[in-house]
Amino acid sequence: MEVFYYVVFGALAAVVAGLELGKSGKDRVATTSAFNSFKNNYVLVYSLMMCTPPVPPLPFFSLDLRTPLWLVLMVSPVACPPASNGDGFVRAAGDWLQGPYVYYLYSQYGFDKGDIGRLFIAGFGSSMLFGTIVGSLADKQGRKRACVTYCISYILSCITKHSPEYRVLMIGRILGGIATSLLFSAFESWLVAEHNKRGFDPQWLSITFSKAIFLGNGLIAIVSGLFANLLAENLGFGPVAPFDAAACFLAIGMAIIMSSWSENYGDPSESKDLMAQFKVAAKAIASDEKIALLGAIQSLFEGSMYTFVFLWTPALSPNEEDIPHGFIFATFMLSSMLGSSIASRLLARKLKVEGYMQIVFSISAVTLVLPVATNILVPTSSVKGGSVSIGGSLQLLGFCTFEACVGIFWPSIMKMRSQYIPEEARSTIMNFFRIPLNLFVCVVNAFPITVMFGMCSIFLFMAAILQRRLMVVSDQVHKSSTTQEMIGEDEPLNP
């Protein structure tokens, strides 16, 4: 492996270690033992839900710019956060383990690309179709119950991987899609409601968010990737072994949830049916500009992020250069850890999230325009294979910067969601935000790679502009409420 990759990885590891070990009093928030116990419990469960990452693509076929989107997503070592891109296997306690083992397993059962494509579409459609429904059920029937349902659904999805029957695998994909929707909404909704119910300082939420992202999407991803590779290849248990391991981790997490979590709901005071829940969520989005802006910002960033997931491999190896996919994945995870560490410092110092996220989105936009610029300015070699090019090296540095922005984004967007989304329909609204994202990821593959990167860059600049607007609206609301409070205090003095 080239020295360049080691240098980038080593530099990132040193910076992350320095940031974590060098935290001062300003970077730490004084909390209580009760909160620390609550936080550690949630982070443990979250880590178990995220415990098995992908490993390098298997060499039985190669990727190029004509490869269908569904196939690239299934075999790329995906470096992205705990949310779904719509197919039933992304970002869960077995979701990190997806990657090449899904495609490889299906191919070992004798299915061709068309059959596997239909399986992928089933998972994608399941997540898209059932997302708002399961979100509403989580608000109505209870978030803890929804989290347990997620574990059961995904365990069943993992079990179906043992069957070579197409119908059974299809059922597994549908279950995986349902589970993904629950993963995205139920866990965060439970955390925010339980945090507030126990009377903890709202500022402390950001501590839990940052720690969960740092461990669950960084350190755990790297370590469990090695574990998945050990099971499937080194120990010779085959491509289904990581799914079995994921099911075990899920069962442990479910046991912790059932034994230590209490139940909470969206709005138990009113018995609303699903349609009423949808109306409440839609009304909240339509009537509150802050919620609408937050949803647009999230969709623009996540749409760009998930597009990056399947673009980085062909971008770094346009002439089939020999690049270490697994090592690059680990480097991206380190970059994400760096971002979450930075976010924890920013949030601990009570910097306004709406302010610094404008800078984060702008930097992200610049990093994703790099492939377009290098394609124009840096001459490409016509020789197939070989080592990474100069343009590829520059892009890798830019992509690491983008992943650091992703690491900042997740705890920050979680913090804003906890502030702006009403409790009574939190899960429903969060899944409503996924609809534009799913549509974007579905249609974006119709364009050339440079056009897709350009589109993502434009979307990220749009997110920065909308973030600016969100800050202005938030400040106006804050000033208005402060003025009303002052008037209310003066009323007794001025009858």
Side-chain angles (χ1 to χ4, degrees), residues 16 19-20 39 42-43 45-47 49-51 53 78-85 90-93 95-96 180 183-192 195 203-222 294-309 332-348 351 353-354 356-361 363-364 367-368 399-421 426-427 430-431 433-434 437 460 463-464 467 470:
V16 171
L19 283 176
E20 287 298 302
K39 177 199 68 178
Y42 179 81
V43 171
V45 171
Y46 185 87
S47 297
M49 299 299 106
M50 306 295 298
C51 62
V78 187
C80 56
S84 164
N85 69 352
V90 179
R91 308 284 77 71
D95 280 336
W96 273 126
T180 296
L183 172 66
F184 174 76
S185 57
F187 285 86
E188 183 180 331
S189 296
W190 179 89
L191 172 65
V192 174
H195 182 100
Q203 181 66 25
W204 296 352
L205 258 177
S206 59
I207 302 175
T208 307
F209 290 147
S210 299
K211 187 62 68 175
I213 297 299
F214 183 86
L215 292 176
N217 297 304
L219 185 61
I220 294 297
I222 297 172
L294 187 63
I297 290 166
Q298 177 178 314
S299 295
L300 289 168
F301 187 87
E302 290 190 33
S304 302
M305 179 182 66
Y306 287 120
T307 303
F308 167 78
V309 164
F332 285 165
M333 291 297 95
L334 265 179
S335 300
S336 182
M337 291 174 67
L338 172 61
S340 62
S341 183
I342 293 173
S344 67
R345 287 179 172 238
L346 296 174
L347 293 168
L351 295 181
V353 179
E354 294 82 358
Y356 71 72
M357 282 307 296
Q358 298 174 58
I359 302 173
V360 172
F361 291 139
I363 294 174
S364 300
T367 62
L368 291 195
F399 292 165
C400 287
T401 304
F402 177 76
E403 281 293 332
C405 291
V406 171
I408 298 174
F409 168 80
W410 280 107
S412 301
I413 197 71
M414 290 174 177
K415 175 67 174 177
M416 289 189 287
R417 285 199 296 246
S418 70
Q419 294 173 336
Y420 297 135
I421 299 180
R426 183 179 300 277
S427 297
M430 287 170 63
N431 276 300
F433 289 171
R434 309 289 300 171
L437 162 66
L460 291 170
Q467 186 71 59
L470 178 60

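Note that these values count all heavy atoms, side chains included, but never hydrogens, waters or copies made by symmetry.
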Short side-chain to backbone donor-acceptor contact, Arg426 and Arg417, under 3.5 Å = yes

Does Val16 reach the side chain of Phe214, with side-chain heavy atoms less than 4.5 Å apart?
-> yes

Can you name the side chain to side chain contact (heavy atoms under 4.5 Å, CB included) partners of Ser336, sequence neighbours left out?
-> Glu403

Leu215 CG to Ser47 OG distance, which is reported to the nearest 0.5 Å | 5.0 Å

Under the 3.5 angstrom rule, does the side chain of Ser364 hit a backbone N or O of Val360 as a donor-acceptor pair?
-> yes

Heavy-atom closest pair, residues Ile408 and Gly339 | CG1-O, 3.2 Å

For Leu205, check side chain to side chain contact (heavy atoms under 4.5 Å, CB included) against everything at least two apart and list the hits.
-> Leu191, Val192, His195, Phe209, Ser418

Is the backbone of Thr401 close enough, under 3.5 Å, to the side chain of Ser335 for a donor and an acceptor to pair up by distance?
-> no

Close side-chain approach of Phe433 to Ile297, heavy-atom, < 4.5 Å = no

Does a donor on one side chain and an acceptor on the other come within less than 3.5 Å for Ser427 and Ser189?
-> yes

Would you indicate whether the side-chain heavy atoms of Tyr42 and Lys211 approach each other to under 4.5 Å?
-> no

Exercise: identify the closest heavy-atom pair between Ile363 and Cys405 = CG2-SG, 3.9 Å

Ala463 to Leu300 - nearest heavy-atom pair and separation = N-CD1, 3.9 Å

Is there a donor-acceptor contact under 3.5 Å from the side chain of Ser206 to the main chain of Gln203?
-> yes

Tyr46 and Phe187: aromatic ring centres closer than 6.0 Å?
-> no

Would you name the heavy atoms of Trp410 and Ile213 that are closest together and state the gap between them?
-> CB-CD1, 3.7 Å

Taking every heavy atom of Leu460 against every heavy atom of Phe402, the minimum-distance pair comes out as CD1-CE1, 4.0 Å

Beyond-backbone contact of Lys415 with Met357, side-chain heavy atoms, under 4.5 angstrom = no

Distance, nearest 0.5 Å, that separates CZ of Arg345 from OG of Ser340 = 12.0 Å

